[in-house]
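Inspection log for the structure reproduced underneath, given as structure tokens.
None of the values given here were measured: they were computed from a predicted structure.
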Amino acid sequence: MTQDGRKIREKIRALLARKDYRPLDKTDMAHKLGLTGGERVTLRKILRELERSGEIARIRKNRYVLPAEADLVTGKLSIHQAGYGFLTTETPGEPDIFIAAENTGTAMHGDRVVARITPDEAYARAKDRRGRRESRVIRILERARATIVGTLQDSRNFYYVVPDDPRLVHNVYVQLPTRANLPKAPGRGDKVVVRLEPWESRHVNPEGEIIELLGPASAPGVDMLSIIRKYDLPTEFPPAVVDEANRIPETVNVRMLDGREDLREKFIVTIDPDDARDFDDAIQVDKTDNQGWRLGVHIADVSAYVSPDSALDREARRRGNSVYLPDRVIPMLPERLSNGVCSLKPGVDRLTHSVFIQFDKRGYAKSVRFAKTVIRSAHRLTYKQAYSILQSAPRERLSEHLHVAWALASLLRRRRFEHGSLDLDFPEVKVHVDANGERLKLERVENDESHQLIEECMLAANETVAHELKKRAIPTIYRVHENPDPEKLAEYREFALSFNYKVGDLTHRAELQRLLASIRGKPEEQALKIALLKSLKRARYFPQPLGHYGLAKNNYAHFTSPIRRYADLVVHRALAERDEKRRSRTDMSQIASMAEHISTTERVAAEAEIEAVRMKKLEFFQRQLDERNPQVFRAAIIDVRNYGMVVELPDVLMTGLIHVSSLTDDFYVFEPVQRRLIGRRFRRRFAIGDELRVFVARVDRFKRQIDFALADQQKKRARAR
């Protein structure tokens with residue numbers, strides 16, 4: 001911005017902050033500020049920028065005010081599928097604001113909006129059931145999306161698209177495109193991509209234009225393609241990126257080894273999931289003479305191949321991270337790098353960036369060293385193989401190596417929890433599909449010793465690198481997890497109390513750790529952990545080391561996965577500046593902007609991955625219904641309501657409802673105090689924590705919901721027939 005532009009911006013701020021200011025439009029404001037013709041053009045541009053940033057607000061008759069003066073607030077709108085919403089303000093520490101369905105206007109889920117808070121005199125009657133202030137949307141600053149993905153339907157007079165996202169509560173009217181626009185005309189039940197047209201009035205539905213036909217909703221692969229389009233995930237690399245990647249040699253030549261420490265004779269191994277194709281971390285743990293350990297963490301040196309501001313770098317930064325869907329990976333880097341020259345495959349030379357940490361026998365780090373290295377991995381282990389080795393006595397070099405590594409990792413893990421780290425690990429369900437995306441298998445994956453071994457080594461490296469960069473004052477991106485809001489923890493405490501746990505003040509970390517320990521292995525563990533995560537702030541990337549609440553670490557950064565996370569590549573380059581004593585060419589504003597961008601891409605990737613897995617789980621149960629051969633699962637009751645029981649299936653980590661109407665052996669009455677259902681005739685009881693056997697009864701793939709039924713009642717009905 002020019003010097004004149006900065007002066008006009010300051011004049012605008014000063015004018016709007018005056019006590020005697022009365023709202024002015026841009027013409028009156030230009031006159032009031034005494035601006036000339038050229039300056040008036042600059043004024044209009046600055047007004048638009050200030051409005052977009054939320055620093056000023058435009059009210060009726062296009063007049064401008066400071067938001068606080070007019071009870072206005074700017075933020076991101078989150079819509080519930082029932083129609084109402086919440087506004088997350090852009091002011092740190094401010095609580096969410098409730099917006100009734102009739103007050104959302106033409107705003108959609110995810111839009112950045114300006115809302116007017118209900119006047120103080122109406123405050124008492126305008127609070128929602130949780131005591132939050134209400135507001136109504138008065139202006140949309142930025143649309144969250146230009147397109148939506150949905151299913152084409154028709155009525156007698158028109159076609160419309162039902163959005164896949166239930167938080168987009170309005171159907172979109174469309175006209176069928178001609179063959180000139182699409183190779184094939186879409187039909188009822190097809191998945192399509194719709195470009196939204198400007199939506200001005202809430203009294204009519206939004207309209208749009210079909211721009212892509214994905215295929216029949218039930219066709220293999222269309223579900224994942226729908227998610228790719230919904231989240232605008234890139235499926236192809238630009239030609240310039242592919243060309244640059246193809247020029248990179250597939251092997252490490254002698255010239256590349258200059259200045260690198262040669263570790264090719266060291267016993268270094270990788271441990272990854274069964275189906276992993278890119279291996280970006282390897283470990284080496286040795287016992288030392290003083291009964292301590294020497295840990296070497298060796299990370300793929302992506303920075304050796306991806307230069308700052310190259311075509312590869314710009315595309316990796318734009319993507320921010322890789323995305324892992326059940327049937328494919330959408331990589332941050334082309335396969336030539338991600339599965340090729342950067343992947344630490346066994347028996348081949350690979351360039352790495354290494355962290356060496358000396359631990360004493362109590363698990364305290366005594367010294368640390370960083371180096372550019374070359375390694376040759378001795379073994380590629382899966383987690384299952386590593387776990388099997390750890391369950392047996394050491395017999396040869398590989399098993400001895402793993403047992404030594406686990407001795408260190410288990411000590412580090414114990415010390416981490418002693419220092420306040422929270423046990424928020426979850427088992428996960430891996431979705432396996434065949435090459436056509438059809439045959440489905442769900443596999444529960446536990447966070448066992450093999451996973452914990454790698455986790456502790458990576459945590460140690462990440463913390464060590466963050467501490468070093470902070471000490472050297474080298475600009476970089478940190479992984480931060482700020483302290484939770486006490487109000488959120490208080491709400492969570494009430495939720496935990498409803499499960500009859502004794503819960504103290506959760507703002508004390510020790511009390512939160514005690515609660516997590518007490519729910520371990522209980523049927524409601526998953527539900528309580530998920531609720532706790534929702535009460536905590538979300539981890540993100542930031543240019544300052546604000547600490548990591550969940551891990552109880554003051555300094556933390558992501559260093560160990562540069563193949564799949566751009567943040568790690570940034571940290572690698574920062575560490576190289578420290579090693580090479582070069583001055584940083586990246587200023588803090590660039591770092592901050594980059595951190596915000598990759599925090600966003602990470603959230604998008606996480607949402608896409610979660611939705612894809614849930615969609616495949618729903619498909620798994622729908623197929624059981626279609627084949628009329630439902631599998632019986634063990635389930636645990638995690639909540640009881642007057643309309644039925646919420647159950648979780650621990651083997652597939654799926655939550656669903658057993659509706660009270662499906663309990664046909666008796667008439668059941670809800671007891672709200674004990675939160676249980678009791679049969680009036682036979683006195684059978686259903687309460688939180690009870691274990692059941694269930695099968696799928698109904699699947700609603702649009703609402704992403706499943707109903708289950710009791711297996712014992714199925715048997716009774718079969719005998720009766």
Basic-acidic side-chain contact under 4.0 Å: D275, K430: yes

Carboxylate-amine/guanidinium contact R416 E463, below 4.0 Å: no

Answer yes or no: is there a side-chain heavy-atom contact under 4.5 Å between R260 and D301? yes

Inspect the contact between E418 and R415 and indicate whether a charged nitrogen and a carboxylate oxygen are less than 4.0 angstrom apart. no

How far apart are the closest heavy atoms of D111 and A144, and which atoms are they? OD1-N, 2.8 Å

Across all chains, not counting sequence neighbours, the side chain to side chain contact (heavy atoms under 4.5 Å, CB included) partners of A316 are M332, L333, Y566

T601: partners by side chain to side chain donor-acceptor pair (under 3.5 Å), with sequence neighbours left out: N321

Listed by chain and number, what are the side chain to side chain donor-acceptor pair (under 3.5 Å) partners of H572, not counting sequence neighbours? none

Would you be so kind as to tabulate the donor-acceptor pairs closer than 3.5 Å made by side chains of residues 355-368, with sequence neighbours excluded?
| residue | atom | partner | partner atom | Å |
| --- | --- | --- | --- | --- |
| D360 | OD1 | R362 | N | 2.9 |
| D360 | OD1 | G363 | N | 3.1 |
| D360 | OD1 | Y364 | N | 3.0 |

Minimum heavy-atom distance Q513-S421, with the two atoms named: NE2-O, 2.9 Å

Report, as yes or no, whether the 6.0 Å neighbourhood of atom NE2 on H451 holds more than 12 heavy atoms from other residues, nucleotides or ligands. yes

Close side-chain approach of Y305 to L351, heavy-atom, < 4.5 Å: yes

Side chain to side chain contact (heavy atoms under 4.5 Å, CB included) filter on S561, not counting sequence neighbours, yields D280, R564, R565, D568

Review item, side-chain donor-acceptor pairs of residues 503-512, under 3.5 Å, at least two apart:
| residue | atom | partner | partner atom | Å |
| --- | --- | --- | --- | --- |
| D505 | OD1 | T507 | N | 3.0 |
| D505 | OD1 | T507 | OG1 | 2.7 |
| D505 | OD2 | T507 | OG1 | 3.1 |
| R509 | NH1 | G420 | O | 2.9 |
| R509 | NH1 | Y549 | O | 2.7 |
| R509 | NH2 | Y549 | O | 3.2 |
| E511 | OE2 | G504 | N | 2.8 |
| E511 | OE2 | R514 | NE | 3.2 |
| E511 | OE2 | R514 | NH2 | 2.9 |

Sidechain N-carboxylate O distance under 4.0 Å for R540, E602: no

